[in-house]
Number of protein chains: 4
Amino acid sequence: MRLTVRSRLRYRLDRDTQIAVRIAVSDAEQHIVEESIDSGDLRLGEASDAYGRLFRASAGAGDLTIDYRAVVENGVNDRLTDAAMVAAWEDLPVDVYPYLLPSRYCPADQFLRFATREFGGHDGGAKVLAILGWIGSHVDYVSGVSDSATTAAETFVDRAGVCRDFTHLAIALIRAGGIPARAVAAYAWKLDPPDFHAVVEVWLAGQWWLLDPTGLAPVEGLVRIAHGRDAADIAFLTTSAAVTFVEQAVSVSV
Amino acid sequence: MRLTVRSRLRYRLDRDTQIAVRIAVSDAEQHIVEESIDSGDLRLGEASDAYGRLFRASAGAGDLTIDYRAVVENGVNDRLTDAAMVAAWEDLPVDVYPYLLPSRYCPADQFLRFATREFGGHDGGAKVLAILGWIGSHVDYVSGVSDSATTAAETFVDRAGVCRDFTHLAIALIRAGGIPARAVAAYAWKLDPPDFHAVVEVWLAGQWWLLDPTGLAPVEGLVRIAHGRDAADIAFLTTSAAVTFVEQAVSVSV
Amino acid sequence: MRLTVRSRLRYRLDRDTQIAVRIAVSDAEQHIVEESIDSGDLRLGEASDAYGRLFRASAGAGDLTIDYRAVVENGVNDRLTDAAMVAAWEDLPVDVYPYLLPSRYCPADQFLRFATREFGGHDGGAKVLAILGWIGSHVDYVSGVSDSATTAAETFVDRAGVCRDFTHLAIALIRAGGIPARAVAAYAWKLDPPDFHAVVEVWLAGQWWLLDPTGLAPVEGLVRIAHGRDAADIAFLTTSAAVTFVEQAVSVSV
Amino acid sequence: MRLTVRSRLRYRLDRDTQIAVRIAVSDAEQHIVEESIDSGDLRLGEASDAYGRLFRASAGAGDLTIDYRAVVENGVNDRLTDAAMVAAWEDLPVDVYPYLLPSRYCPADQFLRFATREFGGHDGGAKVLAILGWIGSHVDYVSGVSDSATTAAETFVDRAGVCRDFTHLAIALIRAGGIPARAVAAYAWKLDPPDFHAVVEVWLAGQWWLLDPTGLAPVEGLVRIAHGRDAADIAFLTTSAAVTFVEQAVSVSV
C-alpha cells in the first residue's frame, strides 16, 4: 500500500535536554517515496542503528516542535501460518537470538511455567496464534490503567492495558514459549483514535512476521518505524530530563 | 597480564534442551594465546555477536559437561578519572546509545530522581566514581539474599547482594545519571572464592572503562568474556528448559 | 483546640455497590461537640470498630453524595521526645503488637537491613525522629507520581510522593526499626490545599504519639478520623466496584 | 476428632532478640484436653489476641528450643456449600469486614478485573469453590520457587508455590470477589511430610468456613492455631532480628 503518514510532537523543555526521536519510518523493509522532517532551528543528527532510524539533538530550554511527513510504500510480512516453525537456537541469526531474552518490560523468565502449561501443546506459528488468541480473550483494552512503568507481569495480573501493554505481554509469553519476539513501533492506518501504535514481530521459518495483539488496526496498513526489545528501545521520544507534554498528533492516509 | 583461565560446567538435562554458553573469553579487546573447549560428544556451534562469543547447541537429555581453558593476554581499560566527560547523545556511537536505556534487571527509569538528588552535583567520571563509592558504603555483600530474578530496585531497598546485584545497581544508577553503562562477565584473578564475576563498564571520553562495584578483585586481573545490557545478555549458560546444577568450577592463575 | 470540619463526597455509581465510609471523626480520643452526616435517601449503617467509626451501606446506581460536618475539641498527643522508649514485645498490649507487622503498603520486612544500618544507632523517640528527619531530607512532596497501588518500597526508590506515601514509608521504616507504627486519617487545619490528610502514630512509652512525616500541617490542628495498618484500613471511601469521582471537598476552621 | 499435636522449634540467636510464637492451638473453636509448652529457662508471656494465642519473650543470645504438645478435640466447619451466601457489607460483623481489604501478601486490589471476569458468574459458596477449583487446575505445588516475601501476585504469574502461596492466592482472589477471607495456621493430620499448614477461611452465611486450597490434608483433621490477614499475622515464629534455623519438627496423630 502507498500511505502518507504525518506526526507532530510538541513539548516544553525546562532546561537543556538531550533528546532522541524515533518517528521517521524505517527504510529497511519498505520504500520511502518522499519524506520531510522539520524541527525548526534545532539541528537533528540522523543515524541508522540496529533498531531503525534515530534522530538525536541537544535541545535548549523552550518549546520543542517536530513535524514529520512521509509517503511510503509499505510491505509488511503478515501472513503467519500455524505451520511456520521455530529454529534451533544455533540456527538463529546472532542478531535474532537476543530477542529470546527477558527485557525491561517483558520479563519472559517469569512466565516459563505458565507458557508451558497453557501453550506447550502448540509449536511455532500455532503457538504464537494461540498466545494472541489467549490475550484477545483474557485482556481488556482499557486506557488509564497502566503507565510508562507497567510491565507484562503487571498487565498479566491486572488483565487490562493499551497497545503497549498488549505488545509487552505478547512478547513475554512468546519468548517464554521459546520463540524470538520483538516490539515494533508503527504508524497504523485506520487506528482510531490515531496514535503511534505498538505491535509484535516474531521470528519463525527464517523471517520476521508482524502481528497486532490488540487487533485494532489492519496489519497490512502498518508503516514500520523501529523495532527493539520492548518500548524502551522504540520510544518515539526519549529525553535526558523530564519534559512537559503540549501536543501530539498522528495521521495516516492512503 | 598473561593469565590462564579455566571453567567447567556440569548440568543434568531432563529432556532435549537448547543451550547457549558464554564462557569463552572475548577476542575483541585482548589477545588469546591459546584456547580449548571440550563438550564431549556435543557439537557446539560458535558465533560472534554484539556481546561476545556465543556457543550454541541442541543438547539431548543426560549429563552436560563443558570444559574450557584459555591463556590470555588481557588488557582492560581501568584508569577512569574524574575528568572523563560524557558525550552529548548525538555524539554517542549508535551501538553505545542503547546502554542508556532501562533493561530487565536495571530499571534506570525508576532512579531518575534519586540519581539527580544524590549525584547531580558530579559529572562524568566523578559521577561514576561517586556512585561506586555510594554503593560501597550503603550495600553489603551478602550471599543468599538475592536470586536470578532480583532487580536493581529490589537490591536498592534490601541493601545487600552479590556481584551481579552490585553490577545491576551500579548500571541502573549510572544510566539514570545520563552515562552509558553495561554489564561485563569476566574471569577474575584473585577473586575468592573463585567464580565467574560480574562487573561494570561505562562509556566516557570516547571509550569504555571497566570498574568493579564490589571491589573484590583487581580490575587489571579481569579477563573479559562478554558484555551486554545486564545479566540476561551475559549469562554463562542460558537454557530453553530448567536444568539441574551438578558442578561449576572456575580458576584463574598468572 | 475547637475545630469545625466539613467534607463532601460526590461519586457516580454505575451499579448497585457496597460502600464503606470513614469520614466521621473519632470519638475515642477527642470530644465531639456537635455532628451531622447527610447522605440523602441512602441509609448509612453506623458502627464502631477497632479502627474508628464506620458507615456502611448498599447503594444503588446513580449519584452518591455524602455531607459531613462536626465541631470537635481535638486533643492529639504530639510531644514525642527522644527519650520515649520502646517496650519489650511481651509488654506491648496485644492490640498494639500487630502494628509491628508488615502490611499491604508498608512491607517493613523489606527494610530491616536499611533501618538497622541507617537508624540502628538510635532508640525509641530518637529513632522515630531520625526516620522522619531522613524522610524530610530524602523524599520530595510531588503530586501525580504515585497512585493507590504505590507501596513504601516504590516510594523509597522513587523518592517522591504525597502524604499517603510519606506515611507509608515512615511506617515501614519505623516498624523495621522495631517500633509499632500505624496510619491515621485526619482532618488537618491549615493544610493547603485542603484535603484529607494521612499521618503516622507510633507507640512509645505506653502511648500513641501523632506525627506528620510531610510537615505540611501543624499536628495540634489534626482531627482524627481513623487509624489502621495502612491506607487500606483508613480509606475515606471503600467500594465493592469501581465508581466515578465527581467532587470532593474538605474544610477545617477554628 | 481427638488429635495429639506436637511441635519443636530450635533456633540459634546471635544476640538478644524479641520473639513472638504462635504454635499453641486455639481455644476458641475447639476443646483442649491437655497441653504443655516447654521453653527451658526462657519465660514465655502468654496472651490471647484477635488472632489466637500469642507467646512472647525477650530471649538472650544462644540456643532457643520450644517444645509444644496438646491433645485437642478439634471441630472445624468444613461443609461449605454452593448455596452459602455473602452478606451486605453493613451486615458483616465489624471484626469480619477488614478481611475484605488487601494485605501484605494478598493484594486483592490488583485482582478485581480478573476475579470479575473469571468468577463473576458465581456467587457466595459457589464462587469460593470455583476459585479453589481454578487454583487446583492452574497452580502447581512446588517447593523452592517461593520465599517469605512472595505475594499472591507473584504466585499468580509464576503458577507455583507451597501451602502459604496457595493460601495467599486464594485469599486475594476471594476478597477480590467480594467475600471476606483470612489465613489460618493449623496442625494438619495426614499432611506429608508433616509441617505447619496454611489454609483459608471464608465468611459466608454468618460463619467462617475452613478450606484447604492445596487439598493436601483432610480439612476435618486440621487443628487451628491462629488466623489473620495473611502469613504475617500467623507466623509460628516472629523475631526482632535474623535468627538461624536449627530444627523444626511437627507431628499429628489420632
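Throughout, a chain's letter reflects where its sequence line sits, starting with A, and its residues are numbered from 1. Worth saying up front: this structure is predicted, and the values here are computed from it rather than measured. Reckoned from all heavy atoms, side chains included, excluding hydrogens, waters and symmetry mates.
- With 3.5 Å as the limit, one finds a donor-acceptor pair spanning the side chains of A:S103 and A:R175.
- Heavy-atom distances place no part of A:E46 under 4.5 Å from chain B, backbone and side chain included.
- Listed for the B:H168 side chain is a donor-acceptor partner under 3.5 Å among the backbone atoms of B:A231.
- Residue B:P98 touches chain A through its side chain alone, counting heavy-atom pairs closer than 4.5 Å.
- Residue A:D233 touches chain B through both its backbone and its side chain, counting heavy-atom pairs closer than 4.5 Å.
- You'll find the ring centres of B:Y97 and B:W203 outside the 6.0 Å limit.
- If you measure heavy-atom distances from A:A232 to chain B, the contacts under 4.5 Å come from both the backbone and the side chain.
- B:W209 has its side chain within reach of B:Q207: a pair of non-hydrogen atoms, C-beta onward, lies under 4.5 Å apart.
- Contacts between A:S58 and chain B at a heavy-atom distance below 4.5 Å involve backbone atoms as well as side-chain atoms.
- Residue A:F55: no heavy atom, backbone or side chain, is found under 4.5 Å from chain B.
- Of the atoms belonging to A:T239, it is backbone heavy atoms, and not side-chain ones, that fall under 4.5 Å from chain B.
- For the pair A:V25/A:R224, no side-chain contact is recorded, criterion being any heavy-atom separation below 4.5 Å from C-beta on.
- The candidate with the highest count of non-hydrogen atom pairs below 4.5 Å against chain B, out of A:G228, A:A20, A:G178, is A:A20.
- Residue contact with chain B, scored on non-hydrogen atoms closer than 4.5 Å, is absent for A:L112.
- Here B:P107 is the residue among B:C106, B:A47, B:P107, B:G45 with the most heavy-atom pairs under 4.5 Å with chain A.
- Ranked by heavy-atom pairs under 4.5 Å with chain B, the first of A:L101, A:T151, A:L100, A:L44 is A:L101.
- The most heavy-atom pairs under 4.5 Å with chain A, out of B:D230, B:D95, B:L92, B:D91, come from B:L92.
- Side-chain contact check for B:S146 and B:D165: at least one donor-acceptor pair (N or O, by modelled atom type) lies under 3.5 Å.
- Heavy atoms of A:T238 lying under 4.5 Å from chain B belong to its backbone as well as its side chain.
- No hydrogens or angles considered: a donor-acceptor pair under 3.5 Å links the side chains of B:Y68 and B:E35.
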